Amino acid sequence: MASPADQDRVPRLLVGDFDFAPEDRARLAAALGPDALLLVRGREALREALAAHPETEVVTSFYPPDETIALAPHLRWIALPSAGADLALREGLVREGGPVVTTARGIHAAPISEFVFSVMLLWARHWPRMLALQHAHDWPAQERRAALTARELHGATLGLVGLGAIGRRIAQLGRCFDMRVIATRRGAAPGETDPDVDELLPLDRLDALLAQADFVVIAVPGTPETFHLIGAPQLHAMKPSGFLVNIARGSVIDEQALAEALRAGEIAGAGLDVFENEPLPADSPLWDMPNVFISPHISGTSPVYSRRFTDLLLENLARYRAGQPLRNVVSLERGY
């Protein structure tokens with residue numbers, strides 16, 4: 001299919017099931033024209049809308065149906081509201097000669113970075129224990145308070161596996177806490193530096209990062225290259241006092257190896273927002289581990305998500321109309 005750079009015009013029709021806020025719907029309608037915007041609720045409704053409107057040029061959805069391209073023969077662009085494109089890649093929507101696929105990479109940096117520090121502080125300041133004491137109306141005697149002595153983020157080493165938009169914002173917040181920040185980045189050259197980190201390493205030196213870090217944060221895309229990037233050997237390389245946070249994709253961590261490492265005390269704890277299978281199965285041992293925080297893939301949610309995605313979509317619509325390259329185009333070769 002042709003690139004959107006081939007023409008200079010407004011799309012004939014944008015169809016999507018993203019839940020835009022009313023004011024953002026209005027902004028899109030103003031930019032496209034009221035007859036060029038069709039928003040529905042749910043994947044089945046989206047499938048039906050595409051079947052009824054073969055003239056669709058743009059689709060926006062977290063989960064576009066795998067038959068999207070077949071249903072929309074004039075499709076030129078799929079605008080994903082997600083930071084990653086793993087589902088679109090698995091379903092074959094990113095292909096040579098196919099429509100351009102873009103992500104919303106970058107709009108999640110603020111909420112996810114704040115989420116990461118909320119989890120790290122919950123762990124470092126023993127908030128689960130203190131809340132249990134509060135609920136029990138229990139003011140511990142002096143000798144019992146020693147167990148509540150906090151670890152400081154100040155001076156601790158923050159290890160970032162990935163230095164994209166999200167990883168970079170986490171690094172910047174780490175600096176605000178006076179942490180030492182080290183990071184891996186795909187393609188980083190030996191000796192390369194970065195202004196937001198104290199030490200930058202290529203991915204093949206991951207074990208060196210793990211051995212130094214008090215807190216390890218996974219911030220890489222889910223690709224074949226990163227599948228089970230963190231397995232038993234990498235968990236063994238971490239400090240026994242190390243705390244692991246995953247806000248990337250569940251596929252990056254071997255969950256069985258993680259559960260075994262946590263049970264054996266090879267690492268101290270973990271904060272997990274993403275999992276290999278979602279919802280996390282009820283029989284997963286991670287649910288009942290006292291040193292694990294579990295959240296249901298919500299680290300990137302925010303009351304201003306719609307606004308930020310709409311800002312990006314409008315910018316890309318302007319680029320589409322002008323025949324300019326779009327932002328955040330997914331590379332089939334890279335996988336993001």
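The structure displayed is predicted, hence computed values, not measured ones. Because only heavy atoms are used, hydrogens play no part in the values below, and waters and symmetry mates are left out as well, while side chains stay in.
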- Item | From R47 atom CZ to D17 atom CG, the distance as rounded to the nearest 0.5 Å | 10.5 Å
- Item | Evaluation steps, salt bridge (charged side-chain N to carboxylate O under 4.0 Å, His left out), between E91 and R43 | CA-CA 14 Å; E91 294 192 343; R43 203 177 191 200; 3.1 Å; yes
- Report yes or no: do F275 and I230 belong to one cluster of Ile/Leu/Val/Met/Phe/Trp/Tyr joined by side chain heavy-atom distances under 4.5 Å? yes
- Message: If you apply the rule side chain to side chain donor-acceptor pair (under 3.5 Å), what do you find for Y336 with R105, and how did you get there?
- Response: CA-CA 9 Å; Y336 60 91; R105 189 173 71 247; over 6 Å; no
- Query: Got a second to check how far M120's CE is from I170's CD1, nearest 0.5 Å?
  - Reply: 8.5 Å
- Pick from L201, L200, L160: which one makes a side chain to side chain contact (heavy atoms under 4.5 Å, CB included) with L209? L201
- Answer with yes or no whether the side chains of D273 and S295 bring together a donor and an acceptor at under 3.5 Å. yes
- Item | Pairwise side-chain contact, V216 with I218, heavy-atom cut-off 4.5 Å (strictly under) | yes
- Query: Going hydrophobic residue to hydrophobic residue with side-chain gaps under 4.5 angstrom, can you get from L32 over to F20?
  - Reply: yes
- Counting only N and O atoms by type, is there a donor-acceptor contact under 3.5 Å from the side chain of R95 to the main-chain atoms of G92? yes
- Nearest atoms (heavy-atom pairs only) where L163 meets A171: CD1-CB, 4.4 Å
- Message: Checking H74 against E57 for the side chain to side chain donor-acceptor pair (under 3.5 Å) test, could you report, in this order, the C-alpha distance in whole Å, the side-chain angles of both residues, the deciding distance, and whether it holds?
- Response: CA-CA 6 Å; H74 298 286; E57 287 188 27; over 6 Å; no
- Flag the pair E260 and R263 as a salt bridge only when some basic side-chain nitrogen lies within less than 4.0 angstrom of an acidic carboxylate oxygen. no
- Task: Check P202 against A188 and note the closest heavy-atom contact, atom names and distance.
- Result: CB-O, 3.3 Å
- Any side-chain heavy-atom pair of L93 and P64 under 4.5 Å: yes
- Task: Can you measure from CZ (F243) to CD1 (I267) and round to the nearest 0.5 angstrom?
- Result: 8.5 Å
- Is the distance between the ring centroids of H108 and Y305 under 6.0 Å? yes
- Message: Do L244 and I253 make a side-chain contact, defined as non-hydrogen atoms from C-beta onward lying under 4.5 Å apart?
- Response: yes
- Query: When you look at V220 and V252, which way does the side-chain contact (heavy atoms from CB on, under 4.5 Å) test go after all the steps?
  - Reply: CA-CA 8 Å; V220 291; V252 179; 4.0 Å; yes
- Query: Short question: side chain of N316, backbone of R327 - any donor-acceptor pair under 3.5 Å?
  - Reply: yes
- Kindly determine whether L326 and W77 satisfy side-chain contact (heavy atoms from CB on, under 4.5 Å), including the steps that lead there. CA-CA 10 Å; L326 305 185; W77 170 22; 3.7 Å; yes
- Test log, rule side chain to side chain donor-acceptor pair (under 3.5 Å), inputs E48 and H53: CA-CA 9 Å; E48 292 173 0; H53 295 278; over 6 Å; no
- Answer yes or no on whether R249 is positioned over the face of F227, meaning its NZ or CZ is under 6.0 Å from the six-membered ring centre and within 45° of the axis. no
- Note on the structure: Rounded to the nearest 0.5 Å, the CD1 atom of I69 sits from the CG atom of L50 at a distance of 11.0 Å
- Note on the structure: Here the pair of heavy atoms bringing L148 nearest to P140 is CD1-CG, 4.3 Å
- Query: Are the side chain of Q234 and the backbone N or O of G231 linked by a donor-acceptor pair below 3.5 Å?
  - Reply: yes
- Task: Output the distance between atom OG (S284) and atom CD1 (I294), rounded to the nearest 0.5 Å.
- Result: 6.0 Å
- Task: For residues 207-216, pull every pair meeting side chain to side chain donor-acceptor pair (under 3.5 Å), keeping only residues two or more places apart or in separate chains.
- Result: R180-Q212, D214-K239
- Query: In terms of ring plane angle, is the pair F177 and F117 parallel, tilted or perpendicular, where the classes change at 30° and 60°?
  - Reply: parallel
- Item | hydrophobic_cluster_shared for L121 and I247, side chain cutoff 4.5 Å | yes
- Salt bridge between R27 and D311, side-chain N to carboxylate O under 4.0 Å? yes
- T226 side chain to P221 main-chain N or O, any donor-acceptor pair under 3.5 Å? yes
- N/O donor-acceptor pair under 3.5 Å between D198 side chain and V181 backbone: yes
- Task: Looking only at non-hydrogen atoms, find the nearest pair between P65 and L46 and report the distance.
- Result: CD-CD2, 3.7 Å
- Atom CD of E192 with >12 non-hydrogen neighbours under 6.0 angstrom: yes
- Message: With rounding to the nearest 0.5 angstrom, report the CD1 to CD1 distance, I166 to I112.
- Response: 3.5 Å
- Message: Looking at T56 and V58, would you say the former's side chain and the latter's main chain have a donor-acceptor pair under 3.5 Å?
- Response: no
- Query: With the 4.5 Å side-chain cut-off for hydrophobic clustering, are L317 and F18 part of the same group?
  - Reply: yes
- Task: Identify whether the distance between the nearest side-chain nitrogen and carboxylate oxygen of E315 and R319 falls below 4.0 Å.
- Result: yes
- Query: How close do T60 and A79 get, heavy atom to heavy atom, and via which atoms?
  - Reply: OG1-O, 2.8 Å
- Under 3.5 Å: donor-acceptor pair, side chain of N291, backbone of A268: yes
- Task: Establish, from distance only, whether the side-chain atoms of H228 and E255 form a donor-acceptor pair under 3.5 Å.
- Result: no
- Message: Using the rule given for side-chain contact (heavy atoms from CB on, under 4.5 Å), can you reason through L203 versus L229, listing the C-alpha separation, both sets of side-chain angles and the distance that settles it, and then say yes or no?
- Response: CA-CA 10 Å; L203 192 57; L229 179 67; 4.2 Å; yes
- Item | Side-chain heavy-atom pair L80, T102 within 4.5 angstrom cut-off | no
- Verify side-chain contact (heavy atoms from CB on, under 4.5 Å) between L28 and L314, making sure each step is shown before the conclusion. CA-CA 7 Å; L28 281 174; L314 287 173; 3.9 Å; yes
- Considering only NZ, NE, NH1 and NH2 on the basic side and carboxylate oxygens on the acidic side, decide whether R12 and E55 come within less than 4.0 Å. no
- Task: Find out whether L286 and L262 are in side-chain contact, i.e. whether some heavy atom of one side chain is under 4.5 Å from a heavy atom of the other.
- Result: yes
- Task: List in chain and number order the residues that pass ring-ring contact (aromatic ring centres under 6.0 Å, His included) with F293, two or more places apart in sequence or in another chain; answer none if no residue qualifies.
- Result: none
- According to a 4.5 Å side-chain heavy-atom criterion applied to Ile, Leu, Val, Met, Phe, Trp and Tyr, with indirect links allowed, do L280 and V119 form part of one hydrophobic cluster? no
- Message: Tell me the closest heavy-atom pair linking P11 and Y320, and the distance in Å.
- Response: CG-CE2, 3.7 Å
- Query: Is it true that R169 and D196 make a salt bridge, defined as a side-chain N closer than 4.0 Å to a carboxylate O?
  - Reply: no
- Under-4.0 Å salt bridge between R334 and E225: no
- Item | From CA spacing to verdict: side chain to side chain donor-acceptor pair (under 3.5 Å), S306, D24 | CA-CA 7 Å; S306 175; D24 296 322; 2.6 Å; yes
- Message: Looking at H236 and A232, would you say the former's side chain and the latter's main chain have a donor-acceptor pair under 3.5 Å?
- Response: no
- Query: Is there side-chain contact between E96 and L332, with at least one heavy-atom pair below 4.5 Å?
  - Reply: yes
